[in-house]
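Note sheet for the following structure.
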Protein chains: 2
Amino acid sequence: MVEISEPLALATGSRLRDALESDILTGVIAPGERLDEVSLAHRFQVSRTPIREALLQLASAGLIEIRHRRGAVVRDLGPQQIVAMFEVMAGLEGLAARLAAQRHGPEEAAELLACHEGCLAALGSGDTDAYYYANERFHQIIYRASHNLFLNEQCLALSRRLRPYRRLQLRAGDRAKTSFAEHGAVVDAILRGDGEQADHALRNHVAIQGQRFTDFIKALGGLSERRYQPAAE
Amino acid sequence: MVEISEPLALATGSRLRDALESDILTGVIAPGERLDEVSLAHRFQVSRTPIREALLQLASAGLIEIRHRRGAVVRDLGPQQIVAMFEVMAGLEGLAARLAAQRHGPEEAAELLACHEGCLAALGSGDTDAYYYANERFHQIIYRASHNLFLNEQCLALSRRLRPYRRLQLRAGDRAKTSFAEHGAVVDAILRGDGEQADHALRNHVAIQGQRFTDFIKALGGLSERRYQPAAE
DNA sequence: TCCTTGGCTCTTGTATACAAGAATATTGAC
DNA sequence: GTCAATATTCTTGTATACAAGAGCCAAGGA
């Protein structure tokens, strides 16, 4: 007999938050859109209470904004805010790489190399999605190899928040190929134990600079056009 | 006639959170201690609903831990977790300094210099509290001068969370004097526009390394002894 | 004496009820 | 016809009620 994974009650709390978070990150609920408590309660077949708790958590995560007695709206991040967040992401990942270079064990080195080869395979297959996921694993291995749990958590959280935009970047031209080459430099530095160089390499890999900046802003423009459509009805 | 600052209702929501946060950060509610909803509701003369919302926010901020159907407890950070958080703080502040070096305007330069002199005055007076506050301002000026709002917010949030431990460090021996000297190097690098050096200087200023690490662990031991006293009655 | 099992209590999670502030629509005056 | 003021409705914030899981205590057996 198959056991039910959770007491079902446990699901409720985080279920709502995860569902809403997903809807926001994927754009199902567009930036600027109002989050009405009763509608959501109706939609998820629960009362307003757990909905409110979910909204509060999303607000803490910075995904939505709750104004007193005025309800919640999905935060609309302007281009410069997104770039600012990538700047921080670059800093955090650089730090992770630096620490990973200093602290990684042999099994982590092997894992990193294996994942790097996996990236190569995905790149060769031409499957953008496959590369996306391999890329994600690559970065997460470095977070863990930093042996700093707090940093690991921070990186994961911010990375998740930036996920839609990372996806956007990967579409642009030969970004995947460039990305892989940059990964190579990161791997080299980490395995050599060169923290300074690892920091530098990963930071520049993540940062949105130069031509990538221009491309990114352009891609963002296309995204927001699509996004605003439903609101323009 | 003096106007009441808020419609009083607005206060309720954040009032509870701030009060609880303060109690936790100052140790009034000790790490590991249980946060009973009904007791808190009684204490603050409100119902459980707003208490729960406050607890949820504190959990999002990482100050407490809520386990499903098992209530909330104040998170007990072990020494290595605290050190890990300082490591991240150092990384973020280093990034802020790097960006500040590249982006600061003339009025920010002036502000930084003025604050640095204020630190000197506080140091001369021998008033540890005065130096503590001047020091805090100094760092916050750099956050702002990074011209990265997200980074600024992240720095402020983490800084607040680490406040009690920063205070602890400042007590140790001639830390204030060393601190001020390190500030000098940071100011120089930022004003010169040397991002690399500014990053390096501020990162090492914030990080807990070498002798400071030993001192810090020792100080932490004393703190937890005091903290656990009430629970040991 | 220690472990296990049963029931009891206590606390949390969710639903509902109610009050008060915001938004909106309507009506009146200019 | 437009603007303003007021009334109505709608939504949020808080309190309370109820259900169910978790922990605790006691009693019985090994």
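Letters go in sequence order (proteins before strands), and every chain restarts at 1.
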Q. Could you state the CZ-C1' distance from A/Arg15 to C/dT14, rounded to the nearest angstrom?
A. 12 Å
Q) What pairs with A/Tyr132 under side chain to side chain contact (heavy atoms under 4.5 Å, CB included), at least two apart in sequence or on another chain? A) A/Glu136, A/Arg163, A/Arg166, A/Arg167, A/Leu170
Q. With sequence neighbours left out, what residues match B/Arg48 under side chain to side chain contact (heavy atoms under 4.5 Å, CB included)?
A. B/Glu37, B/Val38, B/Ala41, B/Arg52
Q: May I ask you to evaluate whether B/Thr12 reaches the phosphate of D/dT14, defined as a side-chain N or O under 4.0 Å from OP1 or OP2?
A: yes
Q) Among pairs that include at least one residue of residues 77-91 of chain B, which meet salt bridge (Lys or Arg N to Asp or Glu O under 4.0 Å), considering only residues two or more places apart or in two chains? A) A/Arg103-B/Glu87
Q) Is there side-chain contact between A/Asp199 and A/Leu95, with heavy atoms separated by less than 4.5 Å? A) no
Q) Can you list the residues that meet the side chain to side chain contact (heavy atoms under 4.5 Å, CB included) rule with B/Ser47, with sequence neighbours excluded? A) B/Thr49, B/Pro50
Q) Taking only residues at least two apart or on different chains, which pairs with a member in residues 151-162 of chain A satisfy salt bridge (Lys or Arg N to Asp or Glu O under 4.0 Å)? A) A/Glu21-A/Arg160
Q.
Can you see if the side chain of B/Ser47 gets near the phosphate of D/dA15 - specifically, an N or O under 4.0 Å from OP1 or OP2?
A. yes
Output a table of nitrogen or oxygen pairs between the protein and nucleotides 9-12 of chain D separated by less than 3.5 Å.
{"from": "D/dT11", "atom 1": "O3'", "to": "A/Arg34", "atom 2": "NH2", "distance (Å)": "3.3"}
{"from": "D/dT12", "atom 1": "O2", "to": "A/Arg69", "atom 2": "NH1", "distance (Å)": "2.9"}

Q: For B/His42 and D/dA15, give me the distance from atom NE2 to atom P, rounded to whole Å.
A: 14 Å
(Q) Just to verify, what does A/His139 make a ring-ring contact (aromatic ring centres under 6.0 Å, His included) with, not counting sequence neighbours? (A) A/His183, A/His205
(Q) If you take any heavy atom closer than 4.0 Å to DNA chain D, which residues from residues 55-64 of chain B end up in contact? (A) none
Q: Could you check how far CZ of A/Phe44 sits from P of C/dA15, rounded to whole Å?
A: 13 Å
Q.
Which residues pass the side chain to side chain contact (heavy atoms under 4.5 Å, CB included) test with B/Leu56, not counting sequence neighbours?
A. A/Glu53, A/Gln57, B/Ile66
Q: Take the protein atom CD of B/Glu53 and the nucleotide atom P of C/dT14, then report the distance between them rounded to whole Å.
A: 13 Å
